[in-house]
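Residue numbering restarts at 1 for every chain, and letters A, B, ... go by the order of the sequence lines.
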There are 2 protein chains.
Amino acid sequence: MSALQKYDIYQAIADPTRREVLKLLAEKERPISEITSHFPMSRTAIAKHLHVLSEAELVVGKKVGREKRYRLQPEPFSELKQWLSYFDQFWGNKLSILKHVVEKGEKEELKVIKAEYES
Amino acid sequence: MSALQKYDIYQAIADPTRREVLKLLAEKERPISEITSHFPMSRTAIAKHLHVLSEAELVVGKKVGREKRYRLQPEPFSELKQWLSYFDQFWGNKLSILKHVVEKGEKEELKVIKAEYES
DNA sequence: TTAATATGAAACTAATTGGTTTCTCTTTTT
DNA sequence: AAAAAGAGAAACCAATTAGTTTCATATTAA
């Protein structure tokens, strides 16, 4: 997160409404009004949520005619994934090992996992 | 998150101090005062953060003599992981495919990935 | 047993958050 | 050209958050 950013991904996803907005935008690009129609609150409230998501770079908006269309920008999720992976050592599942392998690209470790899956 | 819970994992990890506390507790079990020594704020402030983390079930505390020792309870991370995995389709990396494989246990897909790694 | 340590709980505060309403501006539609 | 639709911006508000200070209680150490 740059110093100018007011919101990071952690704050952005803390709000349930914003998480729902992200799910909607995962399906497809949508203008503000269309997003608003899925929630029991005003357009301005949703617009503010979109600003937060935008500052966290989870979404990006472009103007099309009189509409502003937002789409998902999932890159920041990787930071969250990385943060989460730190705690995988205490979760002790195969997934955490696989993640480690994929991130580090260590083929030797992959062989061990392959062997486990084939046994 | 149960209905009685005031904080869920999303809110719990939104605060940078709480994320640091989690990292400290990932290393080992620690009493409140020892945790506090790592931060430029009062013990009561840290105690409150621990209450939040505790409600989110990310930590659990036990009384030992006059100390209250907290340790990590990483189970709630899996909910966050699951939520995150929904967006993997837009991230398009091998990791997301591997996660899918591991979670579903589909060996056939794993063979495809193995082939990719061996090429 | 007295002092020091570790914590809990309550009351208070400033800043932030998540919502509202109102007004304006731009763009489309009729 | 007039009306409708979509959005931005500002002002406002109540609740929540993240911190503080103070005081009380329990436990250990000297």
Check: Can you name the residues that form a side-chain contact (heavy atoms from CB on, under 4.5 Å) with Lys48(B), not counting sequence neighbours?
Finding: none
Note to self: How many whole angstroms separate atom CG of Asp15(A) from atom P of dG19(C)?
What the structure shows: 6 Å
Notebook entry, point to check: Do Arg18(A) side-chain atoms and Ile13(A) backbone N/O form a donor-acceptor pair below 3.5 Å?
Noted result: no
Note to self: Can you list everything that forms a side-chain hydrogen bond (donor to acceptor under 3.5 Å, both in side chains) with Thr44(A)? Sequence neighbours excluded, please.
What the structure shows: Ser42(A)
Item checked: Set of residues satisfying salt bridge (Lys or Arg N to Asp or Glu O under 4.0 Å) with respect to Arg43(A), sequence neighbours excluded -> none
Check: Distance check: side-chain N/O of Ser42(A) vs OP1/OP2 of dT20(C), anything under 4.0 Å?
Finding: yes
Check: Quick one: side-chain contact (heavy atoms from CB on, under 4.5 Å) partners of Arg66(B), sequence neighbours excluded?
Finding: none
Next item on the list: For Ala56(B), check side-chain contact (heavy atoms from CB on, under 4.5 Å) against everything at least two apart and list the hits.
Entry: Ala12(B), Leu58(B)
Next item on the list: Please list, chain by chain and in numerical order, all residues satisfying salt bridge (Lys or Arg N to Asp or Glu O under 4.0 Å) with Arg71(A), sequence neighbours excluded.
Entry: none
Notebook entry, point to check: When you match His49(A) and Val64(A) each to their closest nucleotide on DNA chain C, which lands nearer the 5' end?
Noted result: His49(A)
Item checked: the helix from dT1(C)-dA30(D) to dT30(C)-dA1(D): angle between end helix axes, five pairs per end, rounded to 10 degrees -> 20°
Check: ring-ring contact (aromatic ring centres under 6.0 Å, His included): which pairs involve residues 10-52 of chain B, sequence neighbours left out?
Finding: Tyr10(B)-Trp83(B)
Next item on the list: For Glu34(A), check side-chain hydrogen bond (donor to acceptor under 3.5 Å, both in side chains) against everything at least two apart and list the hits.
Entry: Arg30(A)
Notebook entry, point to check: Where along nucleotides 3-11 of chain C does protein come under 4.0 Å, by heavy atom, of base (B) or sugar-phosphate alone (S), with - for untouched nucleotides?
Noted result: -BBSBBB-B
Check: salt bridge (Lys or Arg N to Asp or Glu O under 4.0 Å) with Lys62(A): which residues, sequence neighbours excluded?
Finding: Glu29(A)
Checklist line | Nearest-nucleotide pick for Tyr7(A), side chain only, options being dT20(C), dT17(C), dG18(C) | finding: dT17(C)
Checklist line | chain B contact limits on DNA chain D, taken 5' to 3' with a cut-off of 4.0 angstrom to heavy atoms | finding: dT17(D) to dA29(D)
